[in-house]
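Order of listing sets the numbers, starting from 1, for every ligand and every atom in it.
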Amino acid sequence: MSIFKPKRFPFGNRIHGTKLSKKSPTETIPAPEKVYISVSQHIGAPAIPVVNIGDRVKKGTLIAEASGAISANVYSSVSGTVSDIRDIVNGLNQRQKHIIIDNDFTGEEEFLPPMPDFEPQSIVERIRLAGIVGLGGAGFPTAAKLTPKTHLDTLIINGAECEPYLTCDYRLMIERTQEIYKGIKYVARALKVANIVIGIEINKPLAIKAFSEFSDLKVVALKKQYPMGSEKHLIYVCTGRKVPVGKMPFDVGCCVQNIKTVLAVFDAIENNRPLTETHITVSGHGIKNQKNLCAPIGTPFSSLIEYCGGKTENAKKIVAGGPMMGKALVSLNQFVRKTDSGLLCLTDTETSTDKPTNCINCGLCARKCPMRLMPMYIESFAMSGNFKEAERYGALNCVECGLCAYNCPARRALVQSISMAKAKIKEMKNGK
Ligand code: SF4
Ligand code: SF4
């Protein structure tokens with residue numbers, strides 16, 4: 001048993017928040033009558049549909065193929081018939097192509113071919129084939145992350161789950177410990193690394209205990225500090241290595257993987273199952289029953305809400321993700337994606353309805369920023385369209401943790417502005 005002392009990183013802060021669904025075991029929600037599966041559930045190029053309207057599919061049939069190294073396959077999450085393929089503007093105001101499948105409730109399933117062997121290259125190929133992406137929210141294709149150009153020596157498993165409300169990773173860590181452990185070992189084998197660290201927040205003692213049983217894993221108990229789950233901060237706390245500005249984890253010999261991702265790796269390798277479902281916490285005081293769900297990809301958010309007993313009368317805001325990094329929905333036209341971890345129904349008391357006021361130059365956002373940025377200036381440059389200056393002030397280093405906005409007494413929408421600036425800067429760099 002090896003549990004390392006609780007550690008912390010400079011800056012960041014403790015945030016208030018509760019984990020209402022911590023004691024709710026994971027439940028598998030019945031598949032809905034129709035699933036709406038986006039072909040853009042990952043970072044990179046959208047997948048290209050390989051089915052046509054009227055085609056019959058099974059659960060696990062490939063319906064859209066990766067269109068490059070940074071892209072990911074997409075599989076049907078139900079058996080049935082493709083009834084439409086069209087653009088849908090989702091609840092996050094994003095226009096994306098969706099493949100719509102009418103469920104025939106036969107539950108027929110198609111599997112990936114058996115593994116030829118368990119060599120590193122075969123493991124990476126299986127992960128690519130199964131359409132696995134970073135399920136912590138980033139959505140970066142996992143196979144690409146496991147083939148770095150530099151030598152790595154450490155695999156870090158992110159068990160922080162530091163956002164308030166979210167508990168699906170925690171439940172998996174205590175309910176499916178062995179499968180997660182095996183998934184971790186496959187990823188370590190693919191990377192050819194022996195040094196494996198799992199970081200788990202100190203407020204999850206059952207999970208810490210469960211993983212401390214494995215002598216070949218180092219368990220690092222993480223202080224309750226936000227944003228502990230950010231890759232760069234987790235690497236620093238687990239290894240003492242600092243990822244320089246503009247560099248990536250592999251530049252310091254590390255690869256970070258999420259709990260749900262390694263579980264999906266296990267399922268793809270041992271059960272020959274592609275990625276067709278994800279785990280999501282439905283929580284907030286605006287929902288009648290807070291739960292941790294395993295849901296088919298493409299399930300309407302409205303079905304999740306209905307399964308949890310519906311919204312309360314005082315529910316005011318629906319958020320996809322956690323309260324810090326999640327995004328408020330403009331409509332309920334939203335469908336479960338691979339990367340979803342949370343669906344929150346928040347009441348007045350859980351969300352601010354104050355209108356933003358002028359910046360009072362208090363400097364609190366800069367003092368709290370874990371990336372040592374000056375969010376008030378970046379926001380101001382973003383709002384005036386001066387994206388060059390926003391870049392000079394480090395906009396691209398923002399990890400969108402939301403701490404600046406959380407602490408701002410003027411309720412400025414800092415993260416939205418910085419996020420918009422990042423998108424514009426990237427467009428400029430790509431010559432658009
Ligand atoms: S500027 Fe970015 S990294 Fe800094 S606190 Fe705000 S959201 Fe987090
Ligand atoms: S915390 Fe808000 S009010 Fe204070 S400097 Fe930052 S943006 Fe301005």
Side-chain angles (χ1 to χ4, degrees), residues 8-17 43 92 136-140 158 160-166 201 222-237 242-249 256 319-328 341-342 344 351-426:
R8 54 180 294 123
F9 55 85
F11 311 105
N13 67 250
R14 261 186 98 104
I15 50 174
H16 302 292
I43 286 181
L92 295 167
F140 192 82
N158 187 350
E161 202 169 48
C162 56
E163 281 244 23
Y165 294 98
L166 303 189
E201 255 191 3
L222 309 169
K223 286 259 189 197
K224 206 168 154 359
Q225 187 187 12
Y226 188 83
M228 192 56 92
S230 140
E231 279 195 344
K232 291 187 175 182
H233 297 96
L234 190 65
I235 290 170
Y236 174 72
V237 169
K242 288 184 183 168
V243 182
V245 168
K247 297 287 181 187
M248 303 294 285
V256 181
V319 173
M324 298 296 289
M325 296 185 74
K327 305 243 177 345
S341 291
L344 304 183
T351 180
S352 168
T353 49
D354 297 344
K355 292 250 178 319
T357 56
N358 289 339
C359 170
I360 55 170
N361 289 319
C362 65
L364 201 52
C365 53
R367 287 205 295 282
K368 294 293 181 184
C369 175
M371 298 306 290
R372 311 308 298 133
L373 302 175
M374 291 197 276
M376 64 292 212
Y377 293 140
I378 302 176
E379 185 215 22
S380 167
F381 291 129
M383 298 298 279
S384 61
N386 190 348
F387 301 115
K388 277 219 152 80
E389 209 56 9
E391 184 184 6
R392 208 167 70 79
Y393 271 74
L396 291 179
N397 295 321
C398 168
V399 295
E400 299 184 33
C401 68
L403 259 189
C404 48
Y406 175 81
N407 285 291
C408 175
R411 316 307 305 167
R412 309 280 314 159
L414 295 161
V415 197
Q416 281 95 320
S417 306
I418 298 172
S419 174
M420 180 269 286
K422 283 171 70 177
K424 291 281 181 197
I425 295 165
K426 284 178 191 161

- Taking it one step at a time, do Ile378 and Cys398 satisfy side-chain contact (heavy atoms from CB on, under 4.5 Å)? CA-CA 10 Å; Ile378 302 176; Cys398 168; 5.9 Å; no

- Considering only the protein, which heavy-atom contact is closest to atom 8 (Fe) of ligand 2, and what is its distance? Cys359 SG, 2.3 Å

- Item | Whether Cys362 has an N, O or S atom under 2.8 Å from atom 2 (Fe) of ligand 2 | no

- Heavy-atom contacts with Pro409 under 4.0 Å: which atoms of ligand 2 show up? List them by number with element. 1 (S)

- Item | NZ-CG distance between Lys368 and Leu403, expressed to the nearest 0.5 angstrom | 8.0 Å

- Query: Taking only residues two or more places apart in sequence, or in another chain, which ones meet Phe381 in a ring pair (Phe, Tyr, Trp, His ring centres under 6.0 Å)?
  - Reply: Tyr393

- Query: Charged N to carboxylate O under 4.0 angstrom, Lys388 versus Glu391?
  - Reply: no

- Task: Using heavy-atom distances, let me know which of Ser417, Cys408, Cys365, Ala405 sits nearest atom 2 (Fe) of ligand 2.
- Result: Cys408

- Verify, without hydrogens or angle tests, whether Arg372 (side chain) and Ala366 (backbone) share a donor-acceptor contact under 3.5 angstrom. yes

- Item | Residue-ligand contact Ile360/ligand 2, heavy atom below 4.0 Å | yes

- Message: Just to verify, what does Val399 make a side chain to side chain contact (heavy atoms under 4.5 Å, CB included) with, not counting sequence neighbours?
- Response: Ser230, Met371, Cys401

- Find all atoms of ligand 2 within a distance of less than 4.0 Å from any non-hydrogen atom belonging to Gly363, and give their numbers and elements. 4 (Fe), 5 (S)

- Note on the structure: So CD1 of Ile235 and NZ of Lys242: to nearest 0.5 Å the spacing works out to 13.5 Å

- Message: Short of 2.8 Å from atom 2 (Fe) of ligand 1, name each protein N/O/S atom, waters not counted.
- Response: Cys398 SG

- Query: Can you name the residues that form a salt bridge (charged side-chain N to carboxylate O under 4.0 Å, His left out) with Lys422, not counting sequence neighbours?
  - Reply: Glu400

- Report yes or no: does Ser380 contribute a side-chain atom to a donor-acceptor pair with the main-chain N or O of Met376 at less than 3.5 Å? no

